[in-house]
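So you know, we letter chains A, B, ... as the sequences are listed, proteins then strands, and number each from 1.
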Amino acid sequence: MSQETNLTAIKAAIYNALKTAAASGKIKLNENISGVDGICDGFLPESIGLEPPREKAFGDFATNISMKLCKNYSLKPLELAEIIKDNIKSGIFSKIEVKAPGFINFYLSEDTIYKNAKSIISLNENFGKVDIGGGKPTNVEFGSINPTGPISVSHGRQVVLGDVFSSLLEFTNHKVTREYYCNDTGNQIKNLGRSVVSRYREILGEPVTFPEDGYHGDYVVEIAREVLEKYGEKYRRASDDDSEAITVFGDYAQKKMLKEILDDCAQLRIKYDTVYSEKSLHDDGLVEQTLDFLKKNGLTYEKDGATWFLSTKFGDDKDRVLVKSDASKTYALNDIAYHKAKYDRGFQYLINFLGADHHGYTQRLYAAIMALGKDRDSMRILLHQFVTMLRDGQVVRMSKRAANFVVLSELVSEAGADATRYFFLMRKMDAHLEFDINLAKSQSTDNPVYYVQYCHARCNGILKEAQSRGYNTDINHIANLPDETIKLLSSPEEMDILKKAYELPKIIEYAVKNYAPHLLCHYAEELAKLFQSFYTKGKNDASFRVVTDNRELTEARLFLICVVMITIRNVLGIMKVNAPERM
RNA sequence: GCCCCUAUAGCUCAGUUGGAUAGAGCAGCGGUUUCCUAAACCGUGUGCCGGUGGUUCAAAUCCGCCUAGGGGCACCA
């Protein structure tokens with residue numbers, strides 16, 4: 001599944017060069033340095049940098065290894081660099097340079113670049129996959145919005161981040177379950193029920209005082225009309241704490257909101273594998289079991305009539321109440337039970353997406369899983385910052401009372417699923433996101449999502465054109481073009497495209513390991529830009545055109561087109577943004 | 001008071017784990033079309049990388065302190 005990347009090949013080459021040099025006595029480790037070969041146990045230390053340099057003039061990859069290691073050998077950086085260079089025996093380079101203060105710069109040979117590009121075509125939809133997860137059962141929980149109101153734009157960012165990150169995990173061989181945790185019990189549902197009862201009685205002309213902490217949105221009124229339709233005037237005289245009315249209406253409202261939330265997600269192409277009910281935790285006795293487990297393991301104590309969880313033992317700032325002095329259970333306990341259930345269901349890796357306002361909650365959750373005997377690294381809580389909506393250059397205030405409240409579904413109908421998904425993805429989670437509605441709607445290449453999609457559509461257009469001129473554009477034919485044909489791709493523009501396309505696996509791996517799905521957007525835009533630039537060159541200079549009467553050159557360039565298309569399509573596929581055939 | 005996040009060009013933001021001369025898009029200015037889609041491309045930047053001290057061959061990046069903005073610190077859920 002995993003592809004050998006240039007990176008691993010170069011690392012191996014450097015490592016072998018050091019070993020060769022050591023064996024021939026060219027370099028000698030200082031006495032006080034320990035470790036196999038003086039480098040590391042069989043491979044280069046993590047601290048050694050090997051990456052594409054910013055400046056193209058410094059080659060395709062550069063390493064700082066001799067500056068890092070020269071002291072171990074009592075050599076100057078340049079001396080060690082020269083020795084490494086002289087001992088490298090790998091055919092994948094066309095040139096290796098040593099530059100002050102001690103960098104070694106590697107230039108990939110053209111054959112290597114062609115070989116890499118051919119692998120893109122043969123891997124096709126599998127290009128970019130890297131095995132990181134080893135098939136590990138992974139639970140990604142995101143967008144667990146309380147079913148007490150419509151889904152907002154900040155939650156929209158979360159569901160897209162969660163969904164795309166799930167795709168990235170799938171692409172890197174994790175067995176992913178997308179999960180929605182539904183808080184379908186407790187005070188907020190009671191509150192919702194009470195709010196509906198109030199609106200219901202209001203419609204019937206009864207005197208009511210709306211609950212202070214009730215839900216004020218118009219959707220509550222709408223629900224009240226529906227329950228009036230369904231139940232008639234049966235609850236006209238319901239008092240403010242009439243539990244039957246509150247339960248019945250709360251249940252109705254909650255189910256309706258859940259459906260709307262899931263519908264909104266579906267509109268954004270998000271489909272959950274499981275909706276896990278908080279209520280079921282109680283019904284199945286999991287909350288009691290979890291409490292017993294913690295008690296048995298000596299992780300609780302009694303104080304002031306309440307039962308406390310000794311979470312400070314696991315790094316939390318304070319202990320948490322599990323059972324209140326009135327004998328009711330806290331949300332914290334439910335949550336521990338929920339996460340215990342996740343592990344008990346067989347998941348080995350848990351990802352939780354939460355808004356930045358849940359920061360205070362993370363410590364106790366990490367404490368909880370450690371109390372359950374799990375490794376802290378088996379769970380990762382990802383916090384994302386909020387979204388600011390911009391319309392006509394003005395910030396759109398997101399007050400629930402105001403009329404300009406932006407609900408996710410409205411945004412999606414206005415900007416479309418492609419642009420909405422792409423825009424929510426564009427920034428790293430840690431950063432606040434400014435969502436420019438006008439730009440998202442714009443059908444121009446100022447809009448990054450259109451720019452990338454257009455690149456794909458244009459490639460497709462060129463293939464169609466070639467087809468109409470009698471070229472065979474079948475992928476199997478392209479995949480089997482002889483090397484001599486592919487070697488006709490030799491201009492710097494063409495080589496840059498091939499090299500950029502081959503970076504995808506590296507980008508994917510980095511994005512997964514660093515929880516940085518936004519890098520997909522940047523990468524897609526970079527590749528699209530290189531291609532658009534090449535394409536336009538053909539406008540002014542016929543020798544750069546793809547489809548010409550020169551059959552062999554045309555076939556070589558169709559190969560290039562396929563490389564770009566496959567790469568863009570795979571990236572957009574992970575984002576679940578359409579890769580259109582035409583625009 | 002304590003904790004988390006953020007601060008990079010006029011604006012919105014990247015910055016591949018500490019590397020070489022800090023980048024992109026937009027806006028602005030100047031160009032390009034007999035042509036596979038101009039829904040495009042090319043050129044053009046005097047940036048205290050919030051401030052300050054430190055670590056080192058090397059700091060936007062790591063550490064300390066300070067400033068500004070956002071969020072959080074319940075026997076709520």
Below the 4.0 Å mark, does [N] have OP1 or OP2 next to a side-chain nitrogen or oxygen of [X]?
X: A:K529; N: B:rG25; result: yes
X: A:T330; N: B:rA74; result: no
X: A:K329; N: B:rC76; result: no
X: A:Y451; N: B:rC41; result: yes
X: A:H522; N: B:rU12; result: no
X: A:R545; N: B:rU37; result: no
X: A:K513; N: B:rU16; result: no
X: A:K539; N: B:rC42; result: no
X: A:R54; N: B:rA20; result: yes

Using whole Å, report how far [atom1] of [X] lies from [atom2] of [N].
X: A:I561; N: B:rU37; atom1: CD1; atom2: P; value: 11 Å
X: A:F531; N: B:rC41; atom1: CZ; atom2: C1'; value: 13 Å
X: A:L425; N: B:rC13; atom1: CG; atom2: P; value: 15 Å
X: A:R320; N: B:rC73; atom1: CZ; atom2: C1'; value: 8 Å
X: A:N447; N: B:rA39; atom1: CG; atom2: P; value: 15 Å
X: A:E526; N: B:rA14; atom1: CD; atom2: C1'; value: 9 Å

Please name the nucleotide paired to [N] by Watson-Crick or G-U wobble geometry with both distances under 3.5 Å, or report none.
N: B:rA22; result: none
N: B:rA14; result: none
N: B:rC41; result: B:rG31
N: B:rA9; result: none
N: B:rG47; result: none
N: B:rC73; result: B:rG1
N: B:rG64; result: B:rU52

Are [X] and [Y] ion-paired here, with the side-chain N under 4.0 Å from a carboxylate O?
X: A:D436; Y: A:R391; result: no
X: A:K500; Y: A:D496; result: no
X: A:E288; Y: A:K329; result: yes
X: A:E97; Y: A:K85; result: no
X: A:R551; Y: A:E555; result: no

Contact class for [X] (heavy atom, under 4.0 Å): base, sugar-phosphate, or nothing?
X: A:N183; answer: nothing
X: A:H358; answer: nothing
X: A:R557; answer: nothing
X: A:G538; answer: base
X: A:R582; answer: base
X: A:S144; answer: nothing
X: A:K464; answer: nothing
X: A:N191; answer: nothing
X: A:A62; answer: base
X: A:D436; answer: nothing
X: A:Q532; answer: sugar-phosphate

Hey, is the side chain of [X] pairing donor to acceptor with the base of [N] inside 3.5 Å?
X: A:H432; N: B:rG70; answer: no
X: A:Y535; N: B:rU37; answer: no
X: A:N105; N: B:rA20; answer: yes
X: A:S325; N: B:rC75; answer: yes
X: A:D357; N: B:rG72; answer: no

Is the [X]-[Y] ring centre distance short of 6.0 angstrom?
X: A:Y180; Y: A:Y276; value: no
X: A:F103; Y: A:F58; value: no
X: A:F314; Y: A:Y366; value: no

What's the gap between [N] and [M] when it is taken at their [atom1] atoms, as a whole Å value?
N: B:rA74; M: B:rC13; atom1: C1'; answer: 38 Å
N: B:rG19; M: B:rG28; atom1: C1'; answer: 34 Å
N: B:rC66; M: B:rC3; atom1: P; answer: 11 Å
N: B:rC48; M: B:rU61; atom1: P; answer: 16 Å
N: B:rA59; M: B:rU52; atom1: P; answer: 15 Å
N: B:rA20; M: B:rA60; atom1: C1'; answer: 15 Å
N: B:rA24; M: B:rU37; atom1: P; answer: 29 Å
N: B:rG53; M: B:rU16; atom1: P; answer: 25 Å

Would you indicate which nucleotide in B:rC13, B:rA77, B:rU21 comes nearest to any side-chain atom of A:R427?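 Minimum distance to the A:R427 side chain belongs to B:rC13.
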Given B:rC41, B:rU16, B:rC57, which nucleotide is nearest the side-chain atoms of A:M67?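 When the side chain of A:M67 is considered, B:rC57 is the closest of B:rC41, B:rU16, B:rC57.
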Could you check A:D541 against A:I507 and say which one's nearest nucleotide on RNA chain B is further toward the 5' end?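 It is A:I507, whose closest nucleotide lies nearer the 5' terminus.
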5'-most contact on RNA chain B: A:A356 or A:S328, nearest heavy atom basis?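 Looking at RNA chain B, the more 5' nearest nucleotide goes with A:A356.
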Going by distance alone, is a donor N or O of one side chain under 3.5 Å from an acceptor N or O of the other, for A:Y450 and A:D418?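 Result is no, nothing qualifies.
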Qualifying residues under side chain to side chain contact (heavy atoms under 4.5 Å, CB included), relative to A:D184, sequence neighbours excluded: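 Scan of A:D184 (side chain to side chain contact (heavy atoms under 4.5 Å, CB included), adjacent residues dropped) gives A:C182, A:Q254, A:S277, A:E278, A:K279.
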Stacking between A:F103 and B:rG19, defined as ring centres under 5.5 angstrom apart with planes under 30°, is that present or not?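 No; by the centre-distance and plane-angle rule, A:F103 does not count as stacking on B:rG19.
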